[in-house]
K.L.:
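Would you mind keeping the following structure in view while I ask a few things?
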Amino acid sequence: PHPGPLLEAARRAGADADCCVYVGDDARDVQAGRAAGMATLAAAWGYLGQGEPIQAWGADAVLPEPAALLHWLGLP
C-alpha cells in the first residue's frame, strides 16, 4: 500500500505524519500507515478482510471498539 494518500491528508491537515495516527480495518491499512511514518491502530470491527489474525498485523494497538480510540489518545 502506497503512503501517498496518507501523507497528502496529513499535509492538508497541516500535521507532520509522525504526529498522526491511522486507524484501519485491514492489514493493508497498517502497512500504509507504517510506510507513511504514522502510528497505526487496528480496528477490530468493520471490514477486517481475510487472512492473518488482527493481532499479527503489527499495529501499535488493536482497538476492540470505537470508544477505545479515545482511551488510546488519553482523552476522557
Side-chain angles (χ1 to χ4, degrees):
H2 197 279
L6 301 179
L7 295 171
E8 178 62 15
R11 185 192 68 76
R12 289 184 185 197
D16 292 330
D18 62 350
C19 294
C20 294
V21 178
Y22 189 60
V23 180
D25 60 3
D26 191 86
R28 295 173 294 196
D29 298 325
V30 174
Q31 294 167 356
R34 290 262 182 240
M38 298 178 176
T40 58
L41 303 175
W45 69 92
Y47 172 67
L48 298 182
Q50 296 181 1
E52 294 182 299
I54 193 170
Q55 293 80 9
W57 296 354
D60 293 301
V62 175
L63 304 176
E65 60 187 9
L69 176 59
L70 296 175
H71 178 72
W72 192 88
L73 292 171
L75 300 173

K.L.:
For the CD atom on Q50, are there more than 12 heavy atoms of other groups (residues, nucleotides or ligands in this structure) within a distance under 6.0 Å?
P.N.:
no

K.L.:
What pairs of residues pass the side-chain hydrogen bond (donor to acceptor under 3.5 Å, both in side chains) test when at least one of them lies in residues 34-46, not counting sequence neighbours?
P.N.:
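Found R34-D60.
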
K.L.:
Linking Ile, Leu, Val, Met, Phe, Trp and Tyr by side-chain heavy atoms under 4.5 Å, what else ends up with I54?
P.N.:
V30, L48, W57, V62

K.L.:
Output all residues satisfying salt bridge (Lys or Arg N to Asp or Glu O under 4.0 Å) with D26, sequence neighbours left out; order by chain, then residue number.
P.N.:
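Result, salt bridge (Lys or Arg N to Asp or Glu O under 4.0 Å) vs D26: R28.
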
K.L.:
Please set out all donor-acceptor pairs under 3.5 angstrom arising from side-chain atoms of residues 65-76, sequence neighbours excluded.
P.N.:
none

K.L.:
Which heavy-atom pair separates A44 from P64 by the least distance, and what is that distance?
P.N.:
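Heavy atoms of A44 and P64 come nearest at CB-CA, 4.1 Å.
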
K.L.:
Please name the pair of heavy atoms, one in P3 and one in A32, separated by the smallest distance, quoted to 0.1 Å.
P.N.:
CB-O, 4.0 Å

K.L.:
Show which residues join Y22 in its hydrophobic cluster (side-chain heavy-atom contacts under 4.5 Å, direct or indirect), or state none.
P.N.:
L6, M38

K.L.:
On a heavy-atom basis, which atom in C20 and which in A15 lie closest, and how many Å separate them?
P.N.:
SG-CB, 3.9 Å

K.L.:
Going by salt bridge (Lys or Arg N to Asp or Glu O under 4.0 Å), name the residues that satisfy it together with D16, two or more places apart in sequence or in a different chain.
P.N.:
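For D16 there are no salt bridge (Lys or Arg N to Asp or Glu O under 4.0 Å) partners, ignoring immediate neighbours.
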
